[in-house]
Amino acid sequence: MDKYIELAELIFPDVKETIADLEKRYPARNLKEGAMVTRFAPSPTGFLHTGSLFTAFICQKFATQSNGVFYIRLEDTDQKREIKGAGEALLKELKAFNVYPTEGYLSDTLEEGIYGPYVQSKRADIYKVVIKELIKRGQAYPCFCSSEELASLREVQEATKVRTGYYKEYAKCRYLKPEEAMEKIKNGDSFVIRFKSNGDEKNKIAVFDEIRGHLELSENDQDIVIYKSDGLPTYHFAHLVDDHFMHTTHVIRGEEWLPSLPIHLQLFNTLGFEAPKYAHLPVIMKVENGNRRKLSKRKDDEAAVSFFLKQGYPTDGFLEYLLTIANSNYEEWRSENLDKSLYDFILTFSKMSLDGALFDLDKVKNICKELLSRLTKEEITDRALAWANVYDKELEEVILSDRNYFEAIMNIERGGEKPRKDYTKYDEILPAISFMYDKYYNEATRESFNERISNESAKEVLTKYLEVMDLTKDEVNWFNDLKSVGVICGYAENNKEYKKNKDAYKGHVGDVAEILRVAIAKRRQTPNLYHLLKILGKEKVKARILETISVL
RNA sequence: GGUCUGUUGGAGAAGUGGCUUAACUCACAUGCCUUUCACGCAUGCACUCACGGGUUCGAAUCCCGUACAGAUCACCA
């Protein structure tokens, strides 16, 4: 046994602390019964993935609804794949969706909380303490196999059809005597540290997943690498040490981790740490050529959260969508609690689906549209402005130039039981209403009338309408005026009458409205005409009608 | 290939042995309403719960097998 201690001292001569010291440094959290401590632990290798947002959001939700703690830890143990600035970028995108931690990594220079550091590369000393202890106990050992050796081992195993990997008799270095290992180390040979597994593949272990329930998995017998030659631990080991000392109660992560659960449980076990509860979330999928696959950042635009941010999907609408795929009873709850915030919904593991949902953009759109339609004019203006400030300077200018005017446009048929549902995202607003601004109106090209309307007839209608135009009237009376102008010019008062006797009329009142609409908007489809006229005001309407007459 | 997980309509799903002639939402289709659009309203869209067998008076729901799909098998997380 002293040989192991000697070995441990040789490898980590500077490590003086013990696990007990660490336990003291990171005492238990003083939380109420039932409070969940969750964490989101991204690696800074790119921008935020939709699936990661899903995970992070759910972690946060569980923590907040139980009055617990949600923290962020940066898992940057792979320096080769690390992208500079990615950590902060990730956090910024998370924040855009209102997902932010109460503890942990906040930026490259800022952290919150007493369980830090929250960046794994800064915790190297902590891992070393635990690894040193493992070596002392003979439960971990240095491995000197080169990647070439490992590759050829693999080839042999594949050729002989045995399970691949570094285990049992194939784990060459586990049989090295400590003296031999020390010799090699003194000799300057490069090495990693492997966990010495005492597991047997044939043994089944019972595990419990909060979402999937009781499962039976094979025991781990692989001597996995826990400490890389670059001096940093691997994920399997690092997350375990961190979740232990940070006192995570629930590890909520993607389904792809389920197969490695036995490794983690085994590690907890041999260290004598109590394992947290695990919940493995289904992965968001996409169909391609009839096959399902994970949303892929390379192939699918919607896999990057920035896709939705850029286009101005309301972020809470997007979260609501995520909630519908997380807990299917969310939709029902929402329709019964229209006035409540999505954060009032209580998320449960038991209602979580086991297989990954196909990402449904149509549904996202529907939810966002519904949400935007229920906002007040002030709210939608605030939101549009905030979005425009980052993503659309033109819109920002438009709103800022006259906020009241913009609000008036937003307010058309808003409010009440059945509001208009014009927009699903903020980038649709400006194109839809640009004609209300002279600058855009002047630049626009005029749409042609439908085939029933001749330019001559349109001119006549517009000229006659100018004579009777009175925007102070209420909508009904205003519309009656429009009707009578139509009648004078040979248009039926309503569609029914026109249909009854098409030959007697040029068209119907809808056509008359279209003439006016095209005159003031240059397009055939707009929100309610009466309101547009009122907002534009008498003078502007008059000017646009006159201009139209002149070019027809 | 091994291991694990899953399979109810185009999508998300409810359903845990009789209340299901399979809820609800989205999508789609048709019609109505309507000054355009957007709404709204109405109707339709799984003669059946991957398939095959079994248990039972009775099965989407329990058991077995098959098929299919996904995840995973790194000094990446």
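In what follows, chains are A, B, ... by sequence order, proteins preceding strands, each numbered from 1. Note that these values count all heavy atoms, side chains included, but never hydrogens, waters or copies made by symmetry.
Atom C1' of B/G53 sits at a distance of 14 Å from the matching atom of B/A59, rounded to the whole Å. Atom C1' of B/A11 sits at a distance of 23 Å from the matching atom of B/A67, rounded to the whole Å.
B/A67: Watson-Crick or G-U partner is B/U7, with both key distances under 3.5 Å. Using N1 to N3 plus N6-O4 or O6-N4 for Watson-Crick, or N1-O2 and O6-N3 for G-U wobble, each under 3.5 Å, B/A14 pairs with nothing. Shown here, B/C19 forms no base pair; nothing in the strands shown gives a Watson-Crick or G-U wobble contact with both key distances under 3.5 Å. Nucleotide B/C62 has B/G54 as its partner under the Watson-Crick or G-U criteria, with both atom distances under 3.5 Å. For B/C41, the paired base is B/G31 (Watson-Crick or G-U wobble, both distances below 3.5 Å). Base pairing annotation: B/C75 forms no Watson-Crick or G-U wobble pair, as no partner gives both donor-acceptor distances under 3.5 Å.
Under 3.5 Å, the side chains of A/Thr526 and A/Arg517 contain a donor-acceptor pair of N or O atoms. Between the side chains of A/Tyr167 and A/Glu201, no donor N or O sits under 3.5 Å from an acceptor N or O.
Between A/Lys369 and the choices A/Val364, A/Asp422, A/Thr424, the side chain to side chain contact (heavy atoms under 4.5 Å, CB included) rule is met once, by A/Thr424. Among the candidates A/Arg212, A/His280, A/Lys294, the single residue satisfying the side chain to side chain donor-acceptor pair (under 3.5 Å) test with A/Glu255 is A/Arg212.
A/Arg414 comes within contact range of no nucleotide atom at all, as no heavy-atom separation falls under 4.0 Å. Residue A/Arg293 is classed as having no contact, given no heavy-atom separation below 4.0 Å to the nucleic acid. At the heavy-atom level, A/Asn494 lies nowhere under 4.0 Å from the strands shown. Contact annotation for A/Pro42: no contact, since no heavy-atom pair falls under 4.0 Å across all strands. Contact annotation for A/Val225: backbone-only contact, meaning every heavy-atom pair under 4.0 Å involves sugar-phosphate atoms and none involves a base. In this structure, A/Glu75 reaches the sugar-phosphate backbone alone: every heavy-atom distance under 4.0 Å involves primed, P, OP1 or OP2 atoms, never a base. A/Glu201 comes within 4.0 angstrom of nothing in the nucleic acid, heavy atoms only. If you check every strand for non-hydrogen atoms under 4.0 Å, A/Lys204 touches sugar and phosphate atoms only. Within 4.0 Å (heavy atoms only), A/Arg253 reaches no atom of the nucleic acid at all. Across all strands shown, A/Arg292 has heavy atoms under 4.0 Å from sugar-phosphate atoms exclusively, and none from any base.
As a whole-Å value, the separation of A/Asp355 CG from B/C4 P is 18 Å. Between A/Met352 atom CE and B/G6 atom P there is a gap of 16 Å when expressed in whole angstrom units. Here the C1' atom of nucleotide B/G12 and the CD1 atom of A/Ile367 are 9 Å apart, to the nearest Å.
When each of A/Arg194 and A/Pro259 is assigned the nucleotide of RNA chain B bearing its nearest heavy atom, the one mapping closer to the 5' terminus is A/Pro259. Of the two residues contacting RNA chain B, namely A/Lys369 and A/Val509, the nearest-nucleotide position lying further toward the 5' end is that of A/Val509.
Side-chain N/O atoms of A/Asn366 include one lying less than 4.0 angstrom from OP1 or OP2 on B/A27. Side-chain N/O atoms of A/Lys228 include one lying less than 4.0 angstrom from OP1 or OP2 on B/A77.
Comparing atom distances between the A/Leu258 side chain and each of B/C4, B/G15, B/U35 picks out B/C4 as nearest. When the nucleotides B/U25, B/U36, B/A77 are ranked by their closest atom to the side chain of A/Thr526, B/U36 comes out on top.
Contact annotation: side chain of A/Arg523 to base of B/U36, donor-acceptor pair absent below 3.5 Å. A donor and an acceptor atom sit less than 3.5 Å apart, one in the side chain of A/Lys363 and one in the base of B/U25. Put simply, the side chain of A/Arg524 and the base of B/C37 share no donor and acceptor less than 3.5 Å apart. Side-chain N/O atoms of A/Ser229 and base N/O atoms of B/C75 include a donor-acceptor pair closer than 3.5 Å.
Not a single donor-acceptor pair under 3.5 Å links the side chain of A/Tyr127 to the backbone N or O of A/Gly231.
When the shell of 6.0 Å around NZ of A/Lys277 is examined, it contains 12 or fewer heavy atoms from other residues, nucleotides or ligands. In A/Glu332, the CD atom is not crowded: 12 or fewer heavy atoms of neighbouring residues, nucleotides or ligands sit closer than 6.0 Å.
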